Amino acid sequence: MTYFVPAVAGLFTGAGLIIAIGAQNVFLLRQGIRREHVLSVVAVCTASDIVLILAGVAGLGALVTAYPQVVDIATIAGGAYLLVLATMAARRVARPVAMDTAGGAAAASRWAAVGTAVALTWLNPHVYLDTLITLGAIANSHGPQEKWVFAAGACVASLLWFAALGFGSARLAPLFAKPRAWQMLDVLVAVVMGTLGAGLILSAVF
């Protein structure tokens with residue numbers, strides 16, 4: 001039971017950060033619909049997320065050892081960022097759009113698909129805020145062992161989401177072509193991010 005709470009917190013926090021409309025998710029969705037190099041793209045997205053999550057927990061943990069006040073600063077910054085994400089998601093709920101998942105390009109090579117997945121992941125500045133700062137701050141608000149359980153939960157969330165999106169997208173294609181589906185996802189993102197953001201800021205201030 002000691003590790004259950006941080007594990008579940010990591011799972012839902014990780015899910016809340018990655019389940020949103022974005023170039024990486026749309027690219028993976030398209031690859032799944034076309035059934036092109038899905039395993040390779042899922043592997044790249046998942047491995048990249050895991051590396052960034054673990055680096056965020058480890059890196060921020062090292063800073064905390066030398067400068068304990070970093071946790072409060074990072075927690076407030078992470079909470080503010082989550083509130084921004086919640087606001088953006090809420091705005092998308094009010095103005096939902098259909099995503100162009102079909103595309104019209106010819107089949108790309110495996111290396112082209114992998115290269116695109118790498119670029120969409122590592123060249124996205126938001127991914128560093130999500131994993132290195134936000135997840136790192138939340139993880140380090142738990143104990144020295146619990147933070148790694150939290151990180152494991154976040155890693156599982158990435159694996160489950162990318163695998164489900166990649167391998168299940170062929171069945172979900174008609175659904176995700178409709179604005180309503182992304183609207184419902186953004187409702188979830190707005191609620192989760194808003195709750196977590198407010199909780200982080202309140203925990204740091206009080």
Side-chain angles (χ1 to χ4, degrees), residues 3 5-25 45-94 118-162 182 185-206:
Y3 295 131
V5 173
V8 172
L11 181 68
F12 280 98
T13 304
L17 287 170
I18 64 175
I19 299 177
I21 295 177
Q24 183 192 55
N25 282 340
C45 293
T46 304
S48 297
D49 236 30
I50 290 175
V51 168
L52 286 165
I53 290 169
L54 296 180
V57 175
L60 197 56
L63 280 176
V64 169
T65 302
Y67 307 100
Q69 66 272 25
V70 168
V71 170
D72 289 336
I73 296 174
T75 299
I76 293 174
Y81 177 62
L82 290 179
L83 291 179
V84 171
L85 290 181
T87 302
M88 293 172 62
R91 292 179 63 183
R92 290 195 299 267
V93 171
V118 169
L120 290 176
T121 301
W122 292 91
L123 297 182
N124 177 11
H126 290 160
V127 74
Y128 299 103
L129 290 173
D130 290 344
T131 53
L132 295 181
I133 302 299
T134 305
L135 276 174
I138 300 174
N140 278 279
S141 67
H142 296 277
Q145 294 181 331
E146 287 81 359
K147 70 179 181 181
W148 293 110
V149 179
F150 178 95
C155 291
V156 170
S158 293
L159 173 61
L160 293 177
W161 170 251
F162 290 129
W182 288 107
L185 278 178
D186 278 322
V187 168
L188 175 63
V189 171
V191 172
V192 172
M193 295 297 94
T195 302
L196 288 172
L200 279 178
I201 292 175
L202 289 175
S203 69
V205 173
F206 301 102

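Every value quoted in this text rests on a predicted model; they were computed, and no experiment measured them.
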What pairs with Ser48 under side chain to side chain donor-acceptor pair (under 3.5 Å), at least two apart in sequence or on another chain?
->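 Expected list: Trp122.
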Under the side chain to side chain donor-acceptor pair (under 3.5 Å) test, residues paired with Ser158 that sit two or more places apart | Asp49
What's the spacing between [X] [atom1] and [Y] [atom2] if we round to 0.5 Å?
| X | Y | atom1 | atom2 | value |
| --- | --- | --- | --- | --- |
| Leu17 | Ile53 | CG | CD1 | 8.5 Å |
| Ile18 | Thr131 | CD1 | OG1 | 11.5 Å |
| Leu135 | Leu52 | CG | CG | 10.0 Å |

Could you tell me which non-hydrogen atom of [X] sits nearest to which non-hydrogen atom of [Y], and how far apart they are?
| X | Y | answer |
| --- | --- | --- |
| Phe162 | Cys45 | CE1-O, 3.6 Å |
| Ala86 | Ala190 | CB-O, 3.5 Å |
| Ala80 | Ile201 | N-CD1, 3.8 Å |
| Leu83 | Gly194 | CD2-O, 3.6 Å |
| Leu120 | Gln24 | CD1-CA, 4.2 Å |
| His142 | Ala9 | NE2-CB, 4.5 Å |

Are Phe150 and Val57 close enough that some pair of their side-chain heavy atoms sits under 4.5 Å apart?
-> no
Heavy-atom check, side chain of Trp161 versus side chain of Thr46, under 4.5 Å =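 No, too far: nothing below the 4.5 Å cut-off.
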Of all residues at least two apart in sequence or in a different chain, which pass the side-chain contact (heavy atoms from CB on, under 4.5 Å) check with Ala77?
-> none
